[in-house]
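What follows is one structure encoded as structure tokens, with my remarks underneath.
All values derive from a computational prediction rather than experimental measurement.
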There are 4 protein chains.
Amino acid sequence: MGNQVQESKALDGGATFADDELVRSGRDADVTRRALVRAARRRFATEGYRATTVRHIAADAGVNVALISRYFGSKEGLFEACMNRTVDELDPQTRARASSVDEVIARLLTHVVEAPNADDPLQLLLLLRSSGDENADAIRRRTLERFTEQLAAAAGWNADVPASQPLLLRAQMAIALMLGLVMLRTATEVQPLASASADQLTEPLERVLRVLLDTTEK
Amino acid sequence: MGNQVQESKALDGGATFADDELVRSGRDADVTRRALVRAARRRFATEGYRATTVRHIAADAGVNVALISRYFGSKEGLFEACMNRTVDELDPQTRARASSVDEVIARLLTHVVEAPNADDPLQLLLLLRSSGDENADAIRRRTLERFTEQLAAAAGWNADVPASQPLLLRAQMAIALMLGLVMLRTATEVQPLASASADQLTEPLERVLRVLLDTTEK
Amino acid sequence: MGNQVQESKALDGGATFADDELVRSGRDADVTRRALVRAARRRFATEGYRATTVRHIAADAGVNVALISRYFGSKEGLFEACMNRTVDELDPQTRARASSVDEVIARLLTHVVEAPNADDPLQLLLLLRSSGDENADAIRRRTLERFTEQLAAAAGWNADVPASQPLLLRAQMAIALMLGLVMLRTATEVQPLASASADQLTEPLERVLRVLLDTTEK
Amino acid sequence: MGNQVQESKALDGGATFADDELVRSGRDADVTRRALVRAARRRFATEGYRATTVRHIAADAGVNVALISRYFGSKEGLFEACMNRTVDELDPQTRARASSVDEVIARLLTHVVEAPNADDPLQLLLLLRSSGDENADAIRRRTLERFTEQLAAAAGWNADVPASQPLLLRAQMAIALMLGLVMLRTATEVQPLASASADQLTEPLERVLRVLLDTTEK
DNA sequence: AATGAATGAGGTTTCATTCAT
DNA sequence: GATGAATGAAACCTCATTCAT
């Protein structure tokens, strides 16, 4: 009829996240689910849980809104799914056994240095976002703790060795630094951090991380 | 008075922030305004802008909701007022000229180490929260940048000396670290960071900050 | 469905406008939209823009309030839609070219004489109601002016003939008379006008309109 | 403190009606009352009852808002007072004994022709505005009816003479015409009526009114 | 008598979710 | 499996009114 408010136009305030390679076209439940999680993670990470609407997510994924409830039960369910997916992707990275401190530091740096558009930093940001949902928040906290432990382990931490306990705290400080950096670079976009190049970042960060994690350092 | 208590009881899902020393009792606009800003800052900082409702804030301050619109125009107006207040409180601290690196580091540590209930860390957290309001966001970014510059200046940065530019970036990394730590300790409450004592935190943090800011160090 | 009836019962202070032939039953957006516009037009025309609440309109249409925002963006959007619809319905009537003065007068009389319940007079009343919205008000004014021109044209007015200009003013006086009458009959319900029969009205009004519009009259 | 929303600035959307000769300065209850009624009548007449806020009225009158409740009980009470005042001012005009048709017509014309800023047309406009309040609406209707009767009486109407009854209806039509004209000129501001000069209006209107009211006219 | 602070009711709008198709 | 229509709860805000000073 013409005078119905155009949804797609009315929705996005600014840039749209619609991603062509992501928008699924067929009728494949699994593809749809993945498209939703991916779109959701971006929005949740960059704009926060409350500011993200399910309609935005659905629009980004090129999918009907009702499917969110259908597949994930609720907005919180979708958030939890995002959380779990992040866990799945972070875990293997860190679990990689026998990783040396050097390797671990290199991997951490990647997260921060990567262009803000990449998906990697978004996963970290997500770990700072709360939905208020007990369940999802528990997952979130547990993920951060496990992440901490794996980082600490690479640095020589051993749960059974009392003397190595401080390493746990130091590893978490390293994580805090990473999270703070990604936040300022991606969400807040504060200068000069936001537009600093990989080169500019790498050197000082590497030193700092080594101070925190490298126990062999004189 | 009467049913304000009712209201606060009906509202909060979880802990109430009502603070007796804060609840204003008289009929003094200025006191009321301050009570609102203070209550708002807590909620905004810990729960984020969107998740915070004006009713919660009003209930925390022991005041009728309509007063928020009356005194600050809107929820966004109140947020901006919080922002400005934080600026007013942070500025003098950092502006204190002639501050040595040692002093600056000590001051930074205070923000992180203070109990999560204290107001100091909340001010920092607030700097990570966005309301989506253009105005407030600009203030926020500018505050972070000014904060950066003052920190860098204490470390020897000088806008006119090209060679000192990297210091700016390093100062911002220090801020990122602080923000990340406060976030994890206060909002996320992740272990062992959340319950770490001042002693446990001080030593490693001091070393890291010195690496970033102390240019005289070997 | 369920508690819509409840709602309409709880809401109206006074007469309800619910109109059985109008209440839509299915799940057809277009029908719903029309039902809303129709219900809105009645309320707006008889009670004015501000005094009309969206809840009343929705209840009259047998529809959930949120659909007004959904379909028309806002209360003002709905008002504008009413305006446009009135334009659509008035235009063809008056545009019918080659209409003689007699025909035009007869048509005008119809609007006034029709029972207050009919929809025709309501359309005229709507032209007197302002929402304060710039857009809608512009439409309103333009409609009245176009209405004037078409009436004047039937009486011999020609934009290019200076000597015929006074006809424009006279045509507008005729419109003013009609609007005043409908207002007093429908909204104010003042006696004896409100309960005057068609017969009683026709004769004097016809004379008056002829004095204003019939230039051939001796 | 500075950041309280400036009331005076926030209030008026467009032109302010503040009228220096009207703003009372002392502490004289009666003067205050009159100032309020005068300010209220303007607002009510031009913007309608609902769209007018008591704060606007108080600001226009240069008076504290609470005084409206104090002196008139409520917004509706103030409206009723406006109504009564209009009655007081219209009555003597029309009651003027032995007024000939010519005199009556001249007086009617004055109301319409007067500049939109004058108070006279506003009184008429007020008669078209409803507050929804039973009491005030009854007054309004009664005023219009009495107005009608006095107009009709001047034209020869006599309540006891059945043959003169149609005159009542004709008189009311004359009033409807006046009201419609004032509405279009003042509130809607439709062209060319709004900017028509007294000269342009007088001739045709006089003819029309004579047709309606002058029974001696052949 | 008058003021400014404070209140509570009600209005519009947004949004996650459920219902039919 | 997927869509668009419809719902109800809750959020922010406005405004007439009442309370202390």
Side-chain angles (χ1 to χ4, degrees), chain A residues 4 7 10 26-29 32 50 52-58 63-71 73-78, chain B residues 1-4 7 11 24 26-33 50 52-56 58 62-71 73-78, chain C residues 1-4 7 11 24 26-33 50 52-58 62-78, chain D residues 4 7 10 26-29 32 50 52-58 63-71 73-78:
Chain A
Q4 168 162 6
E7 253 185 48
R27 285 199 162 210
D28 184 330
T32 300
R50 289 303 249 271
T52 299
T53 74
V54 290
R55 292 197 125 86
H56 274 140
I57 298 172
V63 150
N64 187 281
V65 206
L67 293 184
I68 290 179
S69 298
R70 183 168 182 73
Y71 287 144
S74 67
K75 187 188 181 185
E76 276 181 351
L78 174 54
Chain B
M1 281 234 172
N3 58 357
Q4 285 161 212
E7 207 170 301
L11 270 177
R24 120 255 92 99
R27 194 165 254 259
D28 182 332
D30 232 52
V31 174
T32 300
R33 255 193 294 265
R50 291 301 250 273
T52 299
T53 75
V54 291
R55 292 198 122 82
H56 275 139
V63 150
N64 185 283
V65 207
L67 292 183
I68 290 178
S69 299
R70 177 164 176 69
Y71 289 138
S74 66
K75 186 187 181 185
E76 274 182 354
L78 175 54
Chain C
M1 280 237 171
N3 57 358
Q4 286 163 212
E7 207 171 300
L11 269 178
R24 120 255 92 98
R27 196 164 252 259
D28 182 333
D30 232 53
V31 173
T32 299
R33 254 194 294 265
R50 292 302 249 275
T52 299
T53 76
V54 290
R55 293 196 123 84
H56 275 138
I57 297 172
V63 150
N64 186 284
V65 207
L67 292 184
I68 289 177
S69 299
R70 178 164 175 70
Y71 289 139
F72 303 96
S74 66
K75 186 188 180 186
E76 274 183 353
L78 175 53
Chain D
Q4 165 166 8
E7 253 186 48
R27 285 199 162 208
D28 183 331
T32 300
R50 291 302 251 271
T52 299
T53 75
V54 291
R55 291 196 127 86
H56 273 140
I57 297 172
V63 151
N64 187 282
V65 206
L67 293 184
I68 289 178
S69 299
R70 183 168 182 72
Y71 288 143
S74 67
K75 186 189 182 185
E76 276 181 351
L78 174 54

Next item on the list: Whenever both distances are under 3.5 Å in a Watson-Crick or G-U wobble pair, mark it; put DNA chain E into dot-bracket that way, with [ ] for crossing pairs and | when the partner is on another strand.
Entry: .||||||||||||||||||||
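- Nearest heavy-atom pair across B/Asp28 and B/Asp30 is OD1-N, 2.9 Å.
- Scanning both residues, A/Lys75 and A/Val54, for their nearest heavy atoms gives CG-CG1, 3.8 Å.
- Taking both residues in full, the closest heavy atoms of D/Asn64 and D/Ala58 are given as C-CB, 4.2 Å, listed atom of the first, atom of the second, then distance.
- Residue C/Tyr71 places at least one side-chain N or O under 4.0 Å from the OP1 or OP2 atom of F/dA6.
- The interatomic distance linking D/Leu67 (CG) with F/dT17 (P) rounds to 14 Å, in whole Å.
- Atom NE2 of B/His56 is separated from atom P of F/dA11 by 7 Å (rounded to the nearest Å).
- Note that OG1 of D/Thr32 and OH of D/Tyr71 are 5.0 Å apart. Values are rounded to the nearest 0.5 Å.
- Summarising the geometry, the separation between CG on B/Asp28 and C1' on E/dT3 is reported as 15 Å, rounded to the nearest angstrom.
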Find every protein N or O atom lying less than 3.5 Å from an N or O atom of nucleotides 13-15 of chain E, and list the pairs.
unit_1: E/dT13; atom_1: OP2; unit_2: C/Lys75; atom_2: N; d: 2.8

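- With values rounded to the nearest 0.5 angstrom, A/Ile68 atom CD1 is found 5.0 Å from A/Ile57 atom CD1.
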